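Working notes, beginning with the structure itself.
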Amino acid sequence: MTSTAAPATPEQAGIWRVVPALVLAIAAGWFATFLPLIAQGEYAEFVVPWIPSLNIELAFRLDALSLTFALLITGIGAICFLYASTYFRSDPRLKRLLSLLTLFAISMLGLVLADDAITLFVFWEGTTITSFLLVGYDHHKKSARDSALQALLVTGLGGLALLAGLILMGQVAGTYRISEWVQMGGIFRDSGLYLGMLTLVLLGCFTKSAQFPFHFWLPGAMAAPTPVSAYLHSATMVKAGVYLIARLSPALGGTEVWTWTLTLVGATTMIVASIWALKQTDLKLMLAYTTVMALGALVMFLGGDYYYATTGAVTFIIVHALYKATLFLSVGMLDKMAGTREVEALGGLRRAMPLTWGIILLAAASMAGFLPFFGFIGKELKYEGALGVASEPLLVASAAVLANALMVAAAGMVALKPFLGAQRSPKPAPSDPPMTMWIGPALLAVMGLTFGLFPDLIGPTLILPMAEVVYGGPVPVEVKLWAGVNTALKLSIATFLLGFVFYWMLSRIRQSLDKEVPRVADAAEGYEILLQGMKDLAAWTARTIQPGKMTSYLRYTFLLMGVLVWGAILIGTGGIDLELGDVPIFHSAIVAIIAVSTFAIVVTGSRLVAITALGGVGAGLAVIFVLYSAIDVALTQLLVEILVVVFIAVALLKLPRAGTGRLRIGDASISVMLGLGVTFGLMAVMSTPLDRTIPDYFEAVSYSEAFGRNIVNVILVDFRALDTLGEIAVVVIAAVAAVAALRGGGQEVEK
Amino acid sequence: MNSLIYTTATRIIVPVTLVLAVIVLLRGHNDPGGGFIGGLLAALAVAILEKARGVDAARAWLRVEPLTIAGAGLVAAIAAGLWGALEHGMFLTGVWPFYGPNAAGVNEGVPAGSILLFDLGVFLVVVGGVSGILFTLEEAGVPAEQPDDEEDS
C-alpha cells in the first residue's frame, strides 16, 4: 500500500507514486500541441449545456491566456508531483497528498479554462477547498490547522464576494460567457452597477492573490509541505486572482477607478511585502513574501492600461512561475539534505551541494533580473510599461525600482548566504538530493536562461498573443533581450546598484526592521480580532437561545412563530372577515368543552389534571373535525391525542418545573400572542376565496387514475407521495435521534 | 402498573386493536383510514401491551428492534417508489399489476400494488418510530435526583 522504504533505498518504493506526475506531463504535452493554433490568435472551444434554465453552461475555451496558465499548471505540476513523490517517499500519507494535489490541479485547470462565469466560480471554490486541505496537511500541528483555516476564511469570503460580482455582471450582460463579456466592456462601464461589480470581483481577486491588506494569509500558508507551497504559490493558487483580473480587464478595465485601485493596492502590496521579505530568516517564508511582492507587481501592472505594462505583466507571470517554483523546490532540497531552512544556520554548502547551488544560482539570477536571463526581459518590459502607465508613471516606476532592488537583495540572500563562507549545517553530511528531486527544478532553471537567450521561442508564440487577449487590442511590442540603451536599461542599472547596497547592508536593515516593523498595525491582528468576535457572538447566541432547557426552546420557538404569524397578518393585504355565520348549538357546546379544558390546563396546579385536560382539548378538536366531515383528520387527531397522553404520562417525572413569577407572565403573553395570531391568521385564511382548481382536479381523477375514493389517502400515498416519503424519513430520523439522545442521557456531559 | 383487570383486558384489547389497524390500513384507499392511522392504531396496541407487561415483555413480543421496523418501512416506501420508476419511468408513480378497467370500463382485479406497499411502509415507520421512542423513554428510568413535583401532590 504505502511506501515504507528507508530513505537510503528509494528504488523500493511503489512506482505508483510517479503516476500523477506522468499524467500531468502528458497533459502538458497535449496542451503544447495547441501552441501553433494559439500563435495565430485562434482559440479552441468546448461547450456542454449544464443548467439550461439558468443559462449556465459547462463552457471551456483555450486561448493564449488560458493556454499559458494550463501549461504552467500541468508542467510545473508534473515537476512538483515528481519532487513530492521523492520528498515524501517514506511518508505513509503520500497517497493522500498526491490525491489532493491532483484534485487541486484539476480545479486550477478548470478555473483557467472555464468560459462560463459560474463554471469558473465552481472551480475557483474547488481550489479554495483543496488548498485548505493541503495547507492543513500536517493537521496534527495547531499552527497548520490555524493557517489552513485562515486561508480558507479569507479566500472563502473573497469567493462569496466574487460570486456576487459575477452574478451582477451576468445580469447586466445577459450572458455568463466570459468570451462575450470581454467584447462588451462599454456596457459594463456604463452600467449603474459598475462600481458594485468591480468592488466585488476585485475583492475576490485580491483575497485570492494575497493583496494588501489581505496578504497575511499567504505567509501563514507556508505551513504546507514544501512541494505544496512550490506548486500553490508559484504558478497556481495565488495566481488565480491575477488570472481573473487579467481575464476581465477588457470587460471591467480602462476606467480611472480600475487603474488607480489596482495601481495603489498593487504598489502597496509590492513594497510592504518586499520589506517583510528581507526581515525573514526562514528562506521559505522569505520566498513567500517575495511571492506576495510579485503578485502586487502583477496587479499594479495589470492596472497600467498601457500595452507595454500589460506585456510586462504577462511576461512576468511566466518569469515568476519559473524561478519561484525552482527556488521553493531548492529550499526544500536544502531543508531535506542540510536539515534546516534557516539562513543563519547554513553556510559553505557550495562543495557539498554543488548541483543545488547551480540550480539556485540560475533561478536567483532570473529573479534578480540579470542579463541574459528571462527575468531581465520581464523587468525591462515592466520598466518600459511603468514609464507609460495611465495613472502616475513616476510613482509606478519608483515603486517598481525599489521593490526590484529589494528583490536583488533577497535573491542574493537565498543564492549566496547558504553556500559561501565556512561550511555549517544541522545535518553533519549534506549532499545533493536524488535525481528525481533535482531534475525538475534544474529543468525550470535552465528554461529561465533559455527563454532569456532565445526570446523568440516564447515571445511571438505565447507572450504577445496573451498580451493581446488581456489588453483587448493589438500590442505593438517586441520581446527581445537587448533593446539598446534606453531609460528602462538605466533604471535596471540603478536597480542593481541599489540592490547591491541593500544586500551589503542586509544585517543592519534587518536589525532596524526588527525594531520598527512590529509597531506597524498588522492586518493579521484585525483578522484575529474579527475571528474572536465572531466566535464570541456564536457562543453568546448558543448560550442564550440553546441553554439545554426544554422550556426555553419552547419559549423561543413559540415567540418566533408568534412574530411570524403577526408579521404575516399585519403586512398581508387580505382583510379579516370577523363574521362567524350561523353556529349550531351543538358546535358551541364542543367549543365550550375545549375552552373549559384549556382554562383548566392554565390554572391547575397538578400536572395530571393538566394532561387530562389537554386530552380533552384534543378530543374536542377531533369532534369538530368529525362535524366538518374530515374523518381521517379526526381519527388521526384522536389517536395522536391518546399516544401523547401515554407519552407524557411516561415522561411525567422528568418534566422540568414550569417557570414562576415574572417568567410565567412572560410565557402567558407569548401564548396569548401566538394564540390570537393563529386565530386571526385562520380567519384571514377563511376570508380568502378558495381556489377550487386543485380540489376539483383531485376529485376528478382520484378514482379514475389512482383507483381510490378516499381522496385524503390518495393524496398522501399517490399524488403527493414524495412529500409523504420525506415526512416518514423525518419520522425515522427523529426516532433514531430521540432513542440515541435518551440512551445517552444517562451520561450527560457537564456544562 | 399492576392492575389485574387491565392486564387481563389487554389479552383481548391488543389483538383486536392490531386486527383493526390492519383493516384500517387496507380500507384506507376508499374509506377513512390508511397507513398513518393504521400505524397509530398499531402503535397504540404496542403501548397498551407495554403498559400492562413492561418494556422487556413488549420487546420480546415484538421480536424485532422497533427502529429496525421503522427502517424497514422507509425501505419499503422507497422500494415502492423505485417500482414506479422501473414500470413508468417516474419515481413513486403508482403501479397496479392486478387491477384496472376491463373491457366494459369497470375496474376489477386485486387492488394491490406499489401504492399498498408504500402505505405499508408508512404504517411500519409509524409503529416502529413510536414504539422505539416509547420503549427508550421507559428504559431511561427515573433520574437519580427527584424532580420538583410537589405541585402534583
Side-chain angles (χ1 to χ4, degrees), chain A residues 604-610 630-636 638-640 642-643 646-647 649-658 702-710 712-714 716-722 724-725 727-729 731-743 745-746, chain B residues 24 27-37 40-41 43-44 47-48 51 66-67 70-71 73-74 77-78 80-81 84 91-94 96 99-101 107 111 115-116 118-119 121-122 125-126 128-130 132-143 146-149 151-153:
Chain A
T604 182
S606 156
R607 282 210 165 110
L608 217 54
V609 173
I631 310 293
D632 282 280
V633 187
L635 268 175
T636 313
L638 258 181
L639 287 167
V640 168
I642 296 170
L643 279 172
V646 170
F647 268 70
V650 172
L652 192 62
L653 291 177
K654 292 160 205 164
L655 279 181
R657 182 218 263 286
S702 177
Y703 188 68
S704 60
E705 290 188 16
F707 307 135
R709 288 199 186 83
N710 178 1
V712 175
N713 200 53
V714 171
L716 279 176
V717 297
D718 198 333
F719 294 143
R720 292 278 185 268
L722 192 62
T724 311
L725 185 63
E727 282 153 19
I728 61 174
V731 169
V732 171
I733 293 167
V736 170
V739 167
L742 285 168
R743 289 213 176 128
Chain B
V24 165
R27 79 201 277 264
H29 219 54
N30 289 316
D31 302 293
F36 192 70
I37 297 173
L40 283 174
L41 265 175
L44 199 60
I48 292 170
K51 284 278 133 202
L67 288 188
L74 194 54
I78 292 172
F91 190 63
L92 283 172
T93 312
W96 300 87
Y99 193 72
N107 290 330
I115 297 296
L116 185 62
F118 186 87
D119 227 1
V122 176
V125 165
V126 173
V130 171
I133 299 177
L134 182 68
F135 289 177
T136 325
L137 204 59
E138 287 279 15
E139 282 163 347
V142 183
Q146 198 70 22
D148 35 76
D149 261 333
E151 309 169 90
D152 285 351
S153 47

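Chain naming here is simple, since letters A, B, ... match the order of the sequence lines and numbering starts at 1 in each. This one's a predicted model, so the numbers in the text were calculated from it and none came from an experiment.
- To the nearest 0.5 angstrom, B:Arg27 atom CZ is 11.0 Å from A:Asn713 atom CG.
- Ranked by heavy-atom pairs shorter than 4.5 Å toward chain B, the options A:Val712, A:Leu638, A:Leu716, A:Thr724 are led by A:Thr724.
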Subject >> Verdict with reasoning, A:Arg709 to B:Asp31, per side chain to side chain contact (heavy atoms under 4.5 Å, CB included) >> reply: CA-CA 7 Å; A:Arg709 288 199 186 83; B:Asp31 302 293; over 6 Å; no
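- Open room surrounds CZ on A:Arg720; 12 or fewer heavy atoms of other groups in view lie less than 6.0 Å from it.
- Between A:Ile728 and B:Ala77, the shortest heavy-atom contact is CD1-CB, 3.6 Å.
- At a threshold of 4.5 Å between non-hydrogen side-chain atoms, the residues B:Val130 and A:Phe647 count as touching.
- Top candidate by heavy-atom pairs under 4.5 Å with chain A, chosen from B:Gly33, B:Ala43, B:Gly73, B:Gly129, is B:Gly33.
- Interface remark: A:Phe719 contributes no atoms to any contact with chain B (heavy atom separation under 4.5 Å).
- Here A:Val717 is the residue among A:Val717, A:Leu635, A:Val640 with the most heavy-atom pairs under 4.5 Å with chain B.
- In this structure, chain A has a heavy atom under 4.5 Å from the side chain of B:Leu67, while its backbone stays farther away.
- Considering only heavy atoms from C-beta on, A:Val731 stays 4.5 Å or farther from B:Val126 through its side chain.
- In this structure, the portion of A:Ala738 lying under 4.5 Å from any heavy atom of chain B is its side chain and not its backbone.
- The candidate with the highest count of non-hydrogen atom pairs below 4.5 Å against chain A, out of B:Ile115, B:Ile37, B:Leu116, is B:Ile37.
- Between the CG atom in B:Leu41 and the CD1 atom in A:Ile642 there is a gap of 8.5 Å [rounded to 0.5 Å].
- Your options are A:Leu643, A:Val736, A:Val609, A:Ile631, and the one with the most heavy-atom pairs under 4.5 Å with chain B is A:Leu643.
- Within the 4.5 Å cutoff, side-chain heavy atoms of A:Leu725 are placed close to those of B:Phe91.
- Summarising the geometry, atom CG belonging to A:Leu639 is positioned 9.0 Å from atom CZ belonging to B:Phe36; distances are rounded to the nearest 0.5 Å.
- Side-chain N or O atoms of B:Asn30 include none that pairs as donor or acceptor with a backbone N or O of A:Asn710 at under 3.5 Å.
- What you find for A:Leu742 and B:Ile133 is that their closest heavy atoms are CD1-O, 4.2 Å.
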